[in-house]
Structures are given as C-alpha cells and as structure tokens.
Visitor: 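So that we are looking at the same thing, I have put the structure below in structure tokens.
Numbered from 1 within each chain, the chains take letters A, B, ... in sequence-line order. Below, all heavy atoms of this structure are taken into account, side chains as well, without hydrogens, waters or symmetry copies.
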There are 2 protein chains.
Amino acid sequence: MSDWQSLAAYGKVVFYTQVTPNRRNGSPARMNDKKMMTLADIAKLAGVSESTASRALRNNPVINQATREKVQQIAAEHQFKVNATARNLRTQKSYTIAVIIAFDAKTQQTVSDPFLLELLGVIADELSQHGYDMLLSTSKSDDKDWGSYFLDSKRADGLIIIGQGEHDPRVEALAQTQVPFVVWGGRSGAELYPIIGSDNRQGGRLATEHLLNQGCRQLVFLGDIRHNEIEQRHLGMLDACQAAGIASDAVQQLTCDFTAQAGYLQTQQHVFARLPELDGIFAASDAIAMGAMKALLEHDIAIPQQVALVGFDDIAMSAYCTPSLSTVKQNTQSGGKALVSQLLARMQGQQPLSEQLAVKLLCRQSSLRRL
Amino acid sequence: MSDWQSLAAYGKVVFYTQVTPNRRNGSPARMNDKKMMTLADIAKLAGVSESTASRALRNNPVINQATREKVQQIAAEHQFKVNATARNLRTQKSYTIAVIIAFDAKTQQTVSDPFLLELLGVIADELSQHGYDMLLSTSKSDDKDWGSYFLDSKRADGLIIIGQGEHDPRVEALAQTQVPFVVWGGRSGAELYPIIGSDNRQGGRLATEHLLNQGCRQLVFLGDIRHNEIEQRHLGMLDACQAAGIASDAVQQLTCDFTAQAGYLQTQQHVFARLPELDGIFAASDAIAMGAMKALLEHDIAIPQQVALVGFDDIAMSAYCTPSLSTVKQNTQSGGKALVSQLLARMQGQQPLSEQLAVKLLCRQSSLRRL
DNA sequence: TCTGCTATTGCAATCGATTGCAGTATCGCC
DNA sequence: GGCGATACTGCAATCGATTGCAATAGCAGA
C-alpha cells in the first residue's frame with residue numbers, strides 16, 4: 001500500500017471508450033431483444049399456453065413431441081433464457097452454492113494461501129459440472145452471519161466453508177441448524193457436521209519420519225496449532241518422534257501465520273538461536289516453508305545438509321524454488337470433488353459423511369541428503 | 001493426477017458423523033424456525049399490512065418512526081431475512097455480479113495464476129463492500145455463452161471478465177449488446193468496451209531499461225504475445241531497446257504459457273543454446289520467471305551476474321525465492337477497485353471508461369548486479 | 001351411438017416481496 | 001363545526017415461471 005504512494009505522481013490514465021450507439025439491433029426486420037423475452041412471449045409465438053410452453057422447454061414427456069420441438073425451436077431462435085429468479089422463487093431452490101472463505105480476524109488479509117485457491121478452483125469446476133452456480137464470499141464483512149445470509153434469504157441452497165478453520169463458533173452454531181453445509185478442515189473429534197480434509201496427522205507423520213530418516217534429530221515445527229489442521233500435522237510429527245524414540249523436547253513448535261513472510265520472520269527470530277543443533281524444519285504450509293528457506297539461505301545455512309526442510313500442500317511453486325521443496329501433497333482434486341458430492345448428498349437428505357483424504361510425501365531437494 | 005494412482009491402495013477413510021436429532025429447536029416455549037418466516041408473518045405479528053412491513057424494513061420514511069422500529073424489532077427477534085429471490089424478481093435486479101475467469105482453451109487447467117487470484121480477492125472484497133454478491137465462474141464448461149447465461153437469465157446484473165485475454169470473440173460479441181461489463185486486460189486499441197489494466201507497456205519499458213542499466217545486452221522475452229497484455233509488455237521492451245540504441249535482433253521472444261513449468265522448459269530448451277552471450281531475461285509473469293530461475297540455477301548459471309532476471313506481477317512468493325525476484329508490480333488493489341467502480345458506474349448508465357494503472361519496478365536480487 | 005380411456009393442453013393459484021394509488025385518520029385553522 | 005392538508009396505512013397488481021387439477025378431444029370397444 002505505502003508501496004504505492006510514490007505513484008501518486010503518476011496518477012492514472014483514463015480513456016473514454018468509444019461506444020457504438022448501441023442500437024445495432026440486428027437486421028431491421030427482426031427485432032430481437034426489444035425488451036426481454038418472457039415465457040409468455042414464447043408461448044404466444046408458439047400458439048400455446050404458458051404452461052405448455054414451460055413444460056415443453058423442460059422437455060416434459062406429457063407434452064406432445066411435436067409441440068415440444070416447436071416451442072424449443074422458437075425459444076432458441078429468440079435466444080430465450082428462462083428467468084432464473086422467477087424459477088427459483090417458484091421452485092424454492094436457487095441452484096447455487098455459497099463458498100465461504102473464512103479467515104483470521106486478525107490478519108485481515110484477503111484470501112491468499114495458494115493452496116486454498118487451488119482448492120477453490122476445483123470446487124468451482126465441480127459445482128458447474130453439477131449444474132450449480134457458485135457464490136463466493138470472503139467472510140470479511142462478516143457481521144452478517146453466513147448461515148442466515150445465504151440460506152434464509154434463499155441466495156444459496158448450501159454452504160461450503162473453507163479456510164484455515166480455527167475453531168469457529170459460527171460453524172458450531174450452524175451445526176445446530178438444518179442448514180446443509182460441509183467444511184474443509186481437520187477433524188477435531190466429535191464434530192456435528194461433515195468435515196472433508198486431508199489426513200493431516202498422517203502427513204505430519206510422513207514428513208517427520210522422512211526428516212528423521214535423513215538423520216535429523218532436533219526439529220522445529222512452524223505453524224499455528226490453534227488451527228485444527230495444523231494441530232493434526234503437529235500431532236503427527238509428535239507421533240513419529242515418539243515412534244522413533246526421540247525425546248519430545250527435541251521438537252519445538254513455533255506459532256506462525258500462513259504466509260511466507262511469517263515463516264521468514266519466525267525463522268530469523270527463533271530458529272537461528274538454536275543452531276547448530278537444530279537440523280530439521282517441518283513447516284505447516286509451503287508458503288511458510290518458502291519463507292523459512294529464504295531466511296536460511298540468507299544466512300548461508302546449507303539446505304538440506306545443515307537443515308532439512310519439509311513443507312505441506314505442494315503448491316505449484318514448490319517444485320520451482322531452489323532447492324526444490326519437499327512437501328506433503330494434498331489432493332485438491334479429490335478434495336474438491338468430495339466437498340461437492342457430500343454437500344449435494346446432504347442436500348438430498350442423506351446422512352452426512354466426513355472424509356479424510358490420503359496424502360503423499362514428495363521428497364525433493366530441500367530434505368534429501370543422500371542423493 | 002497420475003501422481004495419485006499410487007494412492008489407490010490407501011483408499012479414503014470415511015466417518016459417519018454423529019448427528020443430533022436436529023430438533024434442538026431452542027426452548028420449548030419459542031418455536032423459532034417452524035417453516036420459514038415470510039414478510040407476511042412479520043406483518044401479522046406486528047399487526048400491520050405486508051406493505052407497511054415491507055416499507056418499515058426498508059426504513060421508508062413515509063412509515064411512522066414508531067411503526068418502523070416495531071416491525072424491525074420483531075423481524076430481528078425472529079431472525080427474519082428478506083427472501084432475496086422474491087425481491088430480485090420484483091425489483092428486476094439481482095444485486096449480483098458475475099466474475100468470469102476466462103482462460104485458454106488449450107491449457108484446460110483451472111484458474112491458477114497467483115496474480116489473477118489475488119485480483120479476484122480484491123474484487124470479492126470490493127463487491128461485498130458495495131453490497132453486491134459475487135458469482136464466480138471459470139469459463140470451462142463454456143458452451144453456454146456468458147452474456148446470456150448470466151444476464152438474460154437475470155442471475156447477475158453485470159459482468160467482470162478477467163483472465164489472460166487472448167482476443168476473445170465472445171467478448172467482442174458482448175460489446176454489441178447493452179450488457180454491462182468490464183474487462184481486465186491490455187488495451188489493444190479501439191475496443192468498444194471498458195478495459196481496466198496495468199500500463200503493461202510502461203512496465204515492459206521499465207523492466208528492460210533496468211536490465212540494460214545493469215549492463216545486459218542480449219535479452220530474451222518469455223511470454224505469449226498473442227495475449228494483449230503480454231504483447232504490450234513485449235512492445236515496452238522493444239521501446240526501451242530502441243531508445244537505448246540496441247539492435248532489435250538482440251531481443252528474442254519465446255512463447256510461453258503462464259506457468260513456472262513452461263518457463264522452466266522454455267529456458268532449458270531455448271535459452272541455454274544462446275549462452276554465454278545471453279545476459280538478461282524478462283519474463284511475462286513471476287511464475288514464468290521462477291521457472292526460468294530454476295532452470296538457470298540447475299545449470300549453475302549465476303543470477304544476476306551471468307544472467308539477470310526480471311518478472312512481472314509481484315506475486316507473494318517473488319520476494320521469497322532465492323535470489324529474490326525483481327519484478328514489475330501490478331497494483332491489484334486499485335485494479336480491483338477500478339473494475340468494480342467502473343462496472344457499477346456503467347450499470348447506472350454512465351459513459352464507460354478504460355483505465356490504465358501505473359506500475360512500479362521492484363529491483364531485487366535477481367537483477368541487481370551492483371550492490 | 002354411447003361409454004370409458006388416453007393423450008394433450010390450458011386455467012389459475014402460487015412462490016414472497018415491492019409499490020402505485022387509494023383510503024382513513026388526525027390536526028390545524030378559519 | 002367544517003374543510004382541506006398532512007401523515008400513515010392498506011389494497012391489490014405485479015415480477016416470470018411452475019404445477020395440480022380440470023377440461024377437451026380423439027379413439028376404441030361394446
């Protein structure tokens with residue numbers, strides 16, 4: 001922001017766009033878009049009643065085949081589109097799912113974590129494949145509580161909540177409702193709603209086992225364990241240590257936001273002090289890991305020889321930093337699919353399911369000591 | 001995808017979520033959410049007519065202050081939310097803007113470029129601040145043409161089209177309509193619709209001047225100039241070279257998608273051949289630049305001493321790779337704001353404006369030869 | 001020719017909120 | 001006490017599509 005102050009001088013360049021008079025209404029004979037076609041117009045043109053027209057357009061077999069085709073053809077000719085609002089009102093459905101990206105109240109920043117965005121993309125595709133539109137909301141101006149805003153107002157038929165889910169009272173509240181929703185995140189235990197997420201604990205275990213295999217003995221965990229998912233990753237780390245007979249005080253946990261910057265700062269402030277004993281870092285996200293990597297490299301600490309580093313997520317950049325980042329890959333593809341299919345199932349009154357998706361360790365340069 | 005085949009063995013773990021009987025309908029006395037409150041219910045409870053209730057809720061001053069407060073209070077007590085569908089139908093507005101991320105038909109991949117996603121976030125915030133909902137659509141299943149799908153069906157009141165805009169016939173077609181829409185991208189000349197974007201040519205110029213200042217003389221441009229924005233960046237590069245009296249054949253342009261992978265591959269395949277003469281690379285995006293950086297480092301080419309590198313966008317990671325990436329920063333904040341405000345203005349019948357936003361060169365390690 | 005079906009189509013109510021216009025108090029003032 | 005103005009409220013139409021139920025026509029079988 002302040003970065004941009006120097007630009008005040010530039011100002012911004014504004015052009016007046018040349019506009020066509022907008023009366024390019026096709027050939028003179030046809031007057032296509034006079035006002036806006038309604039079903040009634042189509043019915044009239046086809047010489048049938050509105051009800052017949054409606055049924056014909058929806059391909060209701062009770063209507064004579066010939067009639068159906070005729071109506072459909074006329075509708076197509078006039079590029080008639082059913083008014084979604086009217087339909088929604090009548091049918092009491094919106095064919096829309098609201099996706100809510102909830103994030104920290106403190107770091108009032110816009111959705112940023114690359115992983116979440118990747119997941120978001122998958123969800124978008126998946127929803128559209130099922131014929132649903134997607135209403136996106138970053139719960140910044142969230143005085144309005146989501147549930148009622150989207151559901152009671154009939155803006156959406158269901159909710160998908162993603163975003164690093166610190167225990168959110170609003171979600172708990174939703175669970176008391178019969179609102180259909182699913183959450184991306186980590187299972188904390190006995191939630192009353194379906195949670196889809198990676199097997200974070202297993203991920204933490206895999207990453208840590210790998211670090212231990214590489215000979216690391218003094219570890220740091222970078223991440224905020226107040227978040228369910230992160231807590232699970234941390235627990236997985238402890239699991240692995242315990243299994244390997246490593247003393248629990250050999251693992252230090254440093255709280256850290258989901259940004260490269262946070263990873264960088266935390267590393268500078270707390271990690272260097274523990275050198276040279278410290279020899280392994282497990283970061284709760286790739287962004288954090290990349291920040292840590294930067295800090296380490298700046299201080300000429302060899303990665304992975306001196307300190308081995310593993311991240312989480314496998315964002316696109318991970319393979320392209322230097323050294324390339326070892327990480328625990330989350331399967332966004334099946335994650336997005338699961339979220340959508342569970343929600344849809346739930347909307348049809350089925351029993352809600354939680355799913356925990358398998359993860360996979362990708363060993364790259366940042367942690368592989370023996371080639 | 002194939003990455004995941006090995007996981008078939010894992011399968012996925014599924015839990016049955018324990019569900020409360022859902023009849024936790026508050027205290028026995030009050031029965032809140034029997035069916036679903038409607039305006040009529042509120043009116044009845046308040047002892048006024050529907051029309052009065054409606055006006056009261058909208059704070060229409062024609063209604064007695066006391067009446068208004070009473071109705072509002074009752075509505076609040078019962079957590080009544082106006083049915084958006086009904087309102088939209090009646091008022092013929094949806095208070096919704098559709099954001100369309102159009103992308104290459106060939107690289108059928110989901111929205112991925114970090115820059116676009118950042119922009120998307122800003123737009124989301126901005127829209128919600130103006131009281132609009134945001135309908136997000138990745139134009140993958142785009143047999144349905146956007147314009148009619150969203151506008152004619154009254155799903156949205158306006159369109160924002162972002163995504164690396166290769167000349168898209170669909171956009172041109174939209175311009176012939178009176179559909180309100182704005183586009184993020186580069187000006188190609190005489191568009192008939194408002195385009196908001198960075199001053200890409202200036203950006204290209206700045207980046208190139210900087211490279212030349214650092215002593216580079218043989219340059220490569222990595223990017224697909226069929227995209228307006230990229231073409232402008234390339235033109236800016238040529239501008240700078242010409243101004244500096246550099247022969248135009250000293251600049252080679254290599255077509256490249258918007259991914260780190262593409263940047264990596266192109267660098268491997270075509271850049272190495274031109275070493276050691278080649279001494280500067282200007283990449284059309286930071287992702288591309290990071291791919292190129294990876295390839296260079298793998299071949300032990302010193303950055304910036306041997307080859308200096310500049311990207312474009314200033315995505316979050318740019319500052320945290322090693323060496324940190326010099327880049328041309330686009331101002332997503334004002335970009336998003338401009339898109340929204342122009343669209344809203346246009347929807348109110350105002351003359352559409354195009355805007356070109358100032359950019360800023362950030363010199364970091366990847367190009368700064370003298371410290 | 002009459003009855004009973006079946007195949008089609010249309011009538012009219014409905015979804016829930018908004019709003020132009022008309023109706024009813026209430027009040028001031030002559 | 002009477003009249004017009006002012007301040008509120010309510011009636012009823014409307015937005016555009018969907019759908020239960022009734023209506024009509026056509027046809028076969030008795």
Visitor: For A:V62, answer base if it contacts any base atom (sugar-phosphate contacts may also be present), sugar-phosphate if it contacts only those atoms, and nothing otherwise; contact means non-hydrogen atoms under 4.0 Å.
Guide: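 Since a base atom lies under 4.0 Å of A:V62, the category is base.
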
Visitor: Just how far, in rounded Å, is C1' of C:dG16 from CD of A:Q92?
Guide: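 Rounded to whole Å, this separation is 8 Å.
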
Visitor: Do side-chain atoms of A:R68 reach the backbone of A:I63 as a donor and acceptor pair under 3.5 angstrom?
Guide: yes

Visitor: For A:N64 and C:dG10, give me the distance from atom CG to atom P, rounded to whole Å.
Guide: 11 Å

Visitor: Between protein and nucleotides 17-25 of chain C, map the contacts as a letter string: B base, S sugar-phosphate only, - none, heavy atoms under 4.0 Å, written 5' to 3'.
Guide: BBBB-----

Visitor: Would you say A:Q72's side chain and A:A56's backbone share a donor-acceptor pair under 3.5 angstrom?
Guide: yes

Visitor: With a 4.0 Å cut-off on heavy atoms, is B:T67 in touch with a base, just the backbone sugar-phosphate, or nothing at all?
Guide: sugar-phosphate

Visitor: Report the distance from atom CD1 of B:I63 to atom C1' of D:dG10, rounded to the nearest whole Å.
Guide: 10 Å

Visitor: In whole Å, what is the span from the CD atom of B:Q65 to the C1' atom of D:dT9?
Guide: 16 Å

Visitor: Got a sec: does the NZ of B:K44 have more than 12 other heavy atoms crowding it under 6.0 Å?
Guide: no

Visitor: Quick check against the 3.5 Å criterion: does B:N88 have a side-chain atom that pairs as donor or acceptor with the backbone of B:A84?
Guide: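 Side chain of B:N88 to backbone of B:A84: a pair is present.
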
Visitor: Would you call B:L135 and A:M134 a side-chain contact if the rule is heavy atoms closer than 4.5 Å?
Guide: no

Visitor: Measuring from atom CE of A:M37 to atom NZ of A:K81, what distance do you get when rounded to the nearest 0.5 angstrom?
Guide: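 Rounded to the nearest 0.5 Å, the CE-NZ separation comes to 12.0 Å.
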
Visitor: In whole angstroms, how far is the P atom of D:dC15 from the NZ atom of B:K93?
Guide: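 So the two atoms are 18 Å apart, to the nearest Å.
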
